[in-house]
Amino acid sequence: MKDLQMNNKTQKSNQPIIEIHDMHKWYGDFHVLSNINLQVQPQEKIVICGPSGSGKSTLIRCINRLEEHQRGQIIVNGIELSNDIKNIEKVRAEVGMVFQHFNLFPHLSIIDNLTLGPIWVRKTPKKEAEEMAMMYLEKVQIAEQAKKFPGQLSGGQQQRVAIARSLCMNPQVMLFDEPTSALDPEMIKEVLDVMIDLAGEGMTMLVVTHEMGFAKSVADRVMFMDDGEIVEQNSPDVFFDNPQHERTKLFLSQIL
Ligand code: ADP
Ligand code: MG
């Protein structure tokens with residue numbers, strides 16, 4: 001019995017955090033994602049790139065069921081996503097998401113934006129939630145703004161708040177959808193620096209971005225999507241120096 005339990009535990013720690021098998025999605029008649037297969041191991045950092053409209057956002061939105069898939073399997077932290085609302089809630093509690101446009105609640109102060117999830121979803125006592133929120137605001141170097149409202153902050157500051165808000169839920173994995181695309185150039189670095197720190201601490205991350213410097217220095221794997229398919233994926237060295245597919249070569253020639 002003891003051995004069995006140990007075996008189970010070992011298996012669990014080697015289990016991928018995200019497993020996607022032969023997944024397809026349609027918007028009406030439009031086949032937006034085809035034959036997606038992807039495994040993300042704990043602590044892995046994956047960068048997803050590809051032309052506009054290739055399905056990058058749809059793919060990562062399927063991982064926390066902001067979009068539904070119609071065929072195949074998506075398994076997050078051992079839970080298969082289906083219409084079971086309980087499972088969806090369990091998965092969402094473990095998956096942090098950072099969007100291009102921050103998506104903070106404009107009518108709530110920064111600190112209230114951070115404590116909302118822990119208080120209502122995790123049932124954390126208010127005082128404890130506020131202490132944790134301040135700790136994460138310090139981590140993203142914005143603690144002095146805690147009482148302000150999102151509209152009073154710069155884009156870069158708002159995005160750092162959005163990252164801190166996700167961290168307050170203690171997620172197993174963080175999904176980023178073009179987190180720096182809406183920012184003025186001088187603010188991109190402050191957000192990337194926070195993401196680089198997070199990567200260094202061992203967070204599992206799936207990042208849609210065209211910041212190829214970030215991909216080269218942080219990603220374990222870079223994935224290229226086109227037309228709803230994963231066209232190729234490789235280590236950053238191979239991906240950038242020796243892309244295999246014509247579509248990848250064309251894309252890289254346009255952005256590098
Ligand atoms: P990307 O993030 O790579 O730019 P998206 O995942 O946003 O791509 O979109 C992929 C394709 O799906 C695009 O052609 C887009 O127009 C279409 N699309 C996205 N969202 C919807 C939707 N809610 N309904 C119908 N089509 C959509
Ligand atoms: Mg997108």
Side-chain angles (χ1 to χ4, degrees), residues 18-38 40 45-74 76 81-83 88 91-92 95-104 155-156 158-159 162-163 165-166 173-185 187-188 191-192 195 204-215 218-219 221-234 236 239-240 243-256:
I18 300 171
E19 280 178 81
I20 303 181
H21 301 291
D22 192 22
M23 189 270 276
H24 295 249
K25 173 171 180 58
W26 286 261
Y27 286 121
D29 291 341
F30 176 48
H31 198 170
V32 60
L33 294 175
S34 312
N35 196 26
I36 302 290
N37 288 287
L38 174 67
V40 184
K45 293 103 187 65
I46 298 180
V47 163
I48 304 173
C49 61
S52 176
S54 57
K56 307 180 296 296
S57 296
T58 304
L59 172 58
I60 67 165
R61 289 168 65 83
C62 282
I63 295 171
N64 63 357
R65 199 72 172 184
L66 291 175
E67 296 290 350
E68 232 177 84
H69 62 287
Q70 281 82 36
R71 212 164 97 189
Q73 277 185 308
I74 302 178
V76 183
L81 280 169
S82 64
N83 282 330
I88 295 173
V91 165
R92 286 193 185 149
V95 178
M97 175 110 183
V98 174
F99 302 87
Q100 185 175 356
H101 294 291
F102 330 133
N103 293 20
L104 298 171
Q158 288 188 59
Q159 195 59 300
I163 294 171
R165 178 176 62 173
S166 275
V173 53
M174 293 267 290
L175 311 176
F176 294 85
D177 192 0
E178 302 207 33
T180 59
S181 298
L183 300 177
D184 290 335
M187 293 173 191
I188 291 176
V191 171
L192 290 179
M195 293 169 62
T204 310
M205 294 163 72
L206 207 55
V207 184
V208 176
T209 185
H210 292 159
E211 292 292 332
M212 292 299 133
F214 175 84
V218 171
R221 237 188 310 161
V222 184
M223 231 170 75
F224 173 70
M225 288 186 70
D226 196 12
D227 246 343
E229 293 176 328
I230 299 174
V231 174
E232 85 177 82
Q233 48 180 318
N234 237 318
F239 183 85
F240 290 110
Q244 301 297 304
H245 288 259
E246 287 310 316
R247 287 194 273 177
T248 319
K249 289 178 195 167
L250 177 66
F251 176 75
L252 289 174
S253 73
Q254 286 163 345
I255 65 157
L256 289 178

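Each ligand, and each atom within it, is numbered from 1 in the order the structure gives.
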Visitor: At a 4.0 Å threshold, what atoms of ligand 1 neighbour a non-hydrogen atom of Thr58?
Guide: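 Going through ligand 1 atom by atom, the ones under 4.0 Å from Thr58 are 5 (P), 6 (O), 9 (O).
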Visitor: Would you give the length of the straight line joining atom NZ of Lys45 to atom CZ of Arg221, rounded to the nearest 0.5 angstrom?
Guide: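 So the NZ of Lys45 and the CZ of Arg221 are separated by 12.0 Å.
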Visitor: Spell out, as yes or no, whether a donor-acceptor pair under 3.5 Å connects the side chain of Lys25 to the backbone of Glu68.
Guide: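 Confirmed, Lys25 side chain pairs with Glu68 backbone.
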Visitor: Has Gln159 got a side-chain atom pairing as donor or acceptor with Phe99's backbone, closer than 3.5 angstrom?
Guide: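 Checking the backbone N and O of Phe99 against the side chain of Gln159, a donor-acceptor pair under 3.5 Å is found.
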Visitor: Kindly say whether Arg92 contributes a backbone atom to a donor-acceptor pair with the side chain of Arg65 at under 3.5 angstrom?
Guide: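 No, Arg65 side chain to Arg92 backbone: no donor-acceptor pair under 3.5 Å.
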Visitor: Hey, is Val32 touching ligand 1 through its side chain, its backbone, both or neither, going by heavy atoms under 4.0 Å?
Guide: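 Side chain only.
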Visitor: Is there a protein heavy atom at a distance of less than 4.0 Å from atom 24 (N) of ligand 1?
Guide: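 Yes, because at least one protein heavy atom sits under 4.0 Å from atom 24 (N) of ligand 1.
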Visitor: Based purely on interatomic distance, does Gly55 place a nitrogen or oxygen under 3.5 Å from a nitrogen or oxygen of ligand 1?
Guide: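 Yes, since at least one N or O of Gly55 sits under 3.5 Å from an N or O of ligand 1.
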Visitor: Of all the atoms in ligand 1, which lie at a distance below 4.0 Å from a heavy atom belonging to Pro51?
Guide: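 Heavy-atom distances to Pro51 below 4.0 Å select 3 (O).
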Visitor: Is there a heavy atom of Gly228 sitting under 4.0 angstrom from any atom of ligand 1?
Guide: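 Per 4.0 Å heavy-atom rule, Gly228 does not contact ligand 1.
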Visitor: Examine all N, O or S atoms of Ser57, backbone included, and report whether one is under 2.8 Å from the Mg ion (ligand 2).
Guide: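 It does: Ser57 brings an N, O or S atom closer than 2.8 Å to the Mg ion (ligand 2).
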Visitor: Would a distance-only check, ignoring hydrogens and angles, find a side-chain to backbone donor-acceptor pair under 3.5 Å from Lys56 to Pro51?
Guide: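 Judged by distance alone, yes, a pair lies under 3.5 Å.
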Visitor: Could you check, using the six-membered ring where one of them is a Trp, whether Phe251 and His245 have ring centers closer than 6.0 angstrom?
Guide: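 No, they do not, as the ring centres are separated by 6.0 Å or more.
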Visitor: In the protein, what heavy atom is nearest to atom 26 (N) of ligand 1, and what distance, to one decimal place, separates them?
Guide: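 Answer for atom 26 (N) of ligand 1: Tyr27 CD1, 3.3 Å.
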Visitor: So does Met23 get a backbone contact from the side chain of His21, meaning a donor-acceptor N/O pair under 3.5 Å?
Guide: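 No: the side chain of His21 does not pair with the backbone of Met23.
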Visitor: Any sub-3.5 Å donor-acceptor pair from His24's side-chain atoms to Asn35's backbone N or O?
Guide: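 Side chain of His24 to backbone of Asn35, a donor-acceptor pair under 3.5 Å: yes, one is there.
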Visitor: So for ligand 1, is Lys56 a polar contact partner (N or O within less than 3.5 Å, distance only)?
Guide: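 Yes, at least one N or O pair falls under 3.5 Å.
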Visitor: Which residue and non-hydrogen atom of the protein lie closest to atom 15 (C) of ligand 1, and at what distance in Å?
Guide: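 Here the closest protein heavy atom is Phe30 CE2, 4.8 Å.
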Visitor: Counting only heavy atoms, tell me which of Ser52, Ser54, Cys49, Gly53 gets closest to atom 11 (C) of ligand 1.
Guide: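 Heavy atom nearest to atom 11 (C) of ligand 1 belongs to Gly53.
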Visitor: For atom 7 (O) of ligand 1, what is the nearest protein heavy atom, given as residue, atom name and distance?
Guide: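 The closest one turns out to be Ser57 CB, 3.8 Å.
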